[in-house]
Q: 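Just passing along the structure, written as structure tokens.
Chain letters run A, B, ... following the sequence lines, proteins first and then strands; every chain starts at 1. Computed from a predicted model, the values in this text were never measured in an experiment.
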Number of protein chains: 2
Amino acid sequence: MQNSFTEENYLKIIHALSGRDGVEVSTNALAESTSTRAASVTDMLRKLADKGLIHYKKYQGVTLTEAGEKVAISVIRKHRLWEVFLVEKLGFGWDEVHDIAEELEHVPSNELVERLDAFLGHPRFDPHGDPIPDAKGNLTDPDYLILTDVGIGEKVLMMGVLDHAPSFLQHLDRSGITLGSVLEITEINEYDKSASVRINGSQTLFISLEVSKNLLVQRR
Amino acid sequence: MQNSFTEENYLKIIHALSGRDGVEVSTNALAESTSTRAASVTDMLRKLADKGLIHYKKYQGVTLTEAGEKVAISVIRKHRLWEVFLVEKLGFGWDEVHDIAEELEHVPSNELVERLDAFLGHPRFDPHGDPIPDAKGNLTDPDYLILTDVGIGEKVLMMGVLDHAPSFLQHLDRSGITLGSVLEITEINEYDKSASVRINGSQTLFISLEVSKNLLVQRR
DNA sequence: AAAAAAATTTAGACTAACCTAAAAAATATT
DNA sequence: AATATTTTTTAGGTTAGTCTAAATTTTTTT
Ligand SMILES: [Mn+2]
Ligand SMILES: [Mn+2]
Ligand SMILES: [Mn+2]
Ligand SMILES: [Mn+2]
């Protein structure tokens, strides 16, 4: 039996909330993430459990089964590939693509995904720096640092964002920070942890802690 | 209020069955086309009428309102643009794209359609020769001939198909007939109206009436 | 014009995905 | 350990889109 749009979204969200160590996800957390009520979540959990997609014992929280994990990763793969398409081929900004990809990710057809993947040149990362699972369902999170963990003088590469909100991405655009930028922290203010950052060796920018906390970087 | 996947499909089908002269469409015809029962159609018609998308009087059949026509054409535009994308960019065969386009056509976002249109170079026709409505909703059916209306010795251009079934399209592939082929009828058999056709001035092919009836052509 | 047949609508149900309110279980606080 | 609070589940409804069976209207045939 095919999984519905709604079921796929639940699985994707359970995957995200469960993290890499597959910790139990609570009913309330799912209600929050799906913008529904806890009672509705309980209904859906019973259904997903019946379909063998999640491990569910009443009051215990849920985790994905192997089968559920497979579905979740396939949806994530489609989401991220479509985001690449929208940015690379259609010229959308990285702040504009998430909602459209939320729709496209539910279009069935493996053939479509695989051809899209090839058309895009088998990209490894989406426009936000998130890794794209391969066709076999392997998804390896690169372990990036958060900019707050970087000391003064270190040069790092901007590799991704934690916050995907359009407002944050637009803020980065205005600051001239993009994926691949070289960032060097030149100063950290003790009081509020705000920082000065040199971008690609040229202009220096003032960055709040709020921004630093959402920037994923890599030592070179 | 947004139109659902199902509502959009009803409108598209009413548009198709209503033809260019906007003739009334019957409940049974819709039940047939939507693969549902007449009773279900009646329910939906009441809903579409309430939304002002169709003209509906009980037992009288339905036609699209201006508003309904606009929605139908927008869905057709998306369907055909996505078919072009699937064939031109992803390398699908013209026999493989319809079902995927049935899904993609319901993805919302005008921005997406318009950027896709530009990316494809504003194509005028889809892979089956069907005209693509423009962004303003203008859809003009070119008035093609059916091959059965062409006499012996006339050279015509293959411009489209009436039957969109994969099996028919695959049959044309095997026969070497594609959009743009030059066809010349060299012989018609009185008995069964089967014909011999020269393709692009070279090989001659035997064609059944069933095939001739589904080929749209143009005098040159 | 009456009867028969066909088309359409109405009545009453079902499932998926949601809801609110109430009950029950788990967790935290005294 | 008892009580209070929070979390989760159950109970009972709603809407969209579907169904079957029965009633009604229209069309066709006699
Ligand atoms: Mn996204
Ligand atoms: Mn992304
Ligand atoms: Mn099609
Ligand atoms: Mn087509």
Q: For the side chain of Glu88(A) and the backbone of Phe85(A), is there at least one donor-acceptor N/O pair under 3.5 Å apart?
A: no
Q: Between Lys58(A) and Phe5(A), which residue's closest nucleotide on DNA chain C lies nearer the 5′ terminus?
A: Phe5(A)
Q: Between atom CG in Asn28(B) and atom C1' in dA5(C), what is the gap in whole Å?
A: 13 Å
Q: May I ask you to check if Lys89(B) and Phe119(B) form a cation-pi contact, with NZ or CZ under 6.0 angstrom from the six-membered ring centre and within 45° of the axis?
A: yes
Q: Answer yes or no: does a side-chain N or O of Tyr56(B) lie under 4.0 Å from OP1 or OP2 of dT9(C)?
A: yes
Q: Starting at CG of Asn9(A) and ending at C1' of dA16(C), how long is that distance when rounded to a whole Å?
A: 15 Å
Q: What is the distance, rounded to the nearest whole Å, between atom CE of Met44(A) and atom C1' of dT9(D)?
A: 16 Å
Q: Are there any protein N/O atoms within less than 3.5 Å of an N/O atom in nucleotides 11-14 of chain D, and if so, which ones and at what distance?
A:
none

Q: Taking any heavy-atom pair under 4.0 Å as a contact, classify Thr42(B): base, sugar-phosphate, or nothing.
A: base
Q: Rounded to the nearest angstrom, tell me the gap between atom NZ in Lys57(A) and atom P in dA26(C).
A: 12 Å
Q: Using a 3.5 Å distance criterion without hydrogens, assess whether the side chain of Gln60(A) forms a donor-acceptor pair with backbone atoms of Lys57(A).
A: no
Q: My understanding is that only residues two or more places apart in sequence, or in another chain, count here; which of them pass side chain to side chain contact (heavy atoms under 4.5 Å, CB included) with Arg20(A)?
A: Asp141(A)
Q: Taking CG from Leu30(B) and P from dA7(C), how many angstroms apart are they, rounded to a whole number?
A: 14 Å
Q: Do the side-chain N or O atoms of Ser4(A) get closer than 4.0 angstrom to the phosphate oxygens (OP1, OP2) of dA16(C)?
A: no
Q: Do the ring planes of His98(A) and His164(A) sit parallel (below 30°), tilted (30 to 60°) or perpendicular (above 60°)?
A: perpendicular
Q: I need the CZ-C1' distance between Arg37(A) and dC18(C), as an integer number of Å.
A: 11 Å
Q: Could you tell me whether the phosphate oxygens of dT7(D), OP1 or OP2, come under 4.0 Å of any side-chain nitrogen or oxygen in Ser26(A)?
A: no
Q: Among dT18(D), dT9(D), dT9(C), find the nucleotide with the atom closest to the side chain of Tyr59(B).
A: dT9(C)
Q: Report yes if at least one side-chain N or O of Ser40(B) is closer than 4.0 Å to OP1 or OP2 of dT18(D); otherwise report no.
A: no
Q: Hey, is the main chain of Lys213(B) close enough, under 3.5 Å, to the side chain of Thr148(B) for a donor-acceptor pair?
A: no
Q: Could you tell me the separation between the CZ atom of Arg46(B) and the P atom of dT8(C), rounded to a whole number of Å?
A: 17 Å
Q: Expressed as a whole number of angstroms, how long is the span from Gln60(B):CD to dT9(C):P?
A: 9 Å
Q: Going by the salt bridge (Lys or Arg N to Asp or Glu O under 4.0 Å) test, name the single residue among Arg77(A), Lys78(A), Lys136(A), Arg80(A) that passes it with Asp117(A).
A: Arg77(A)
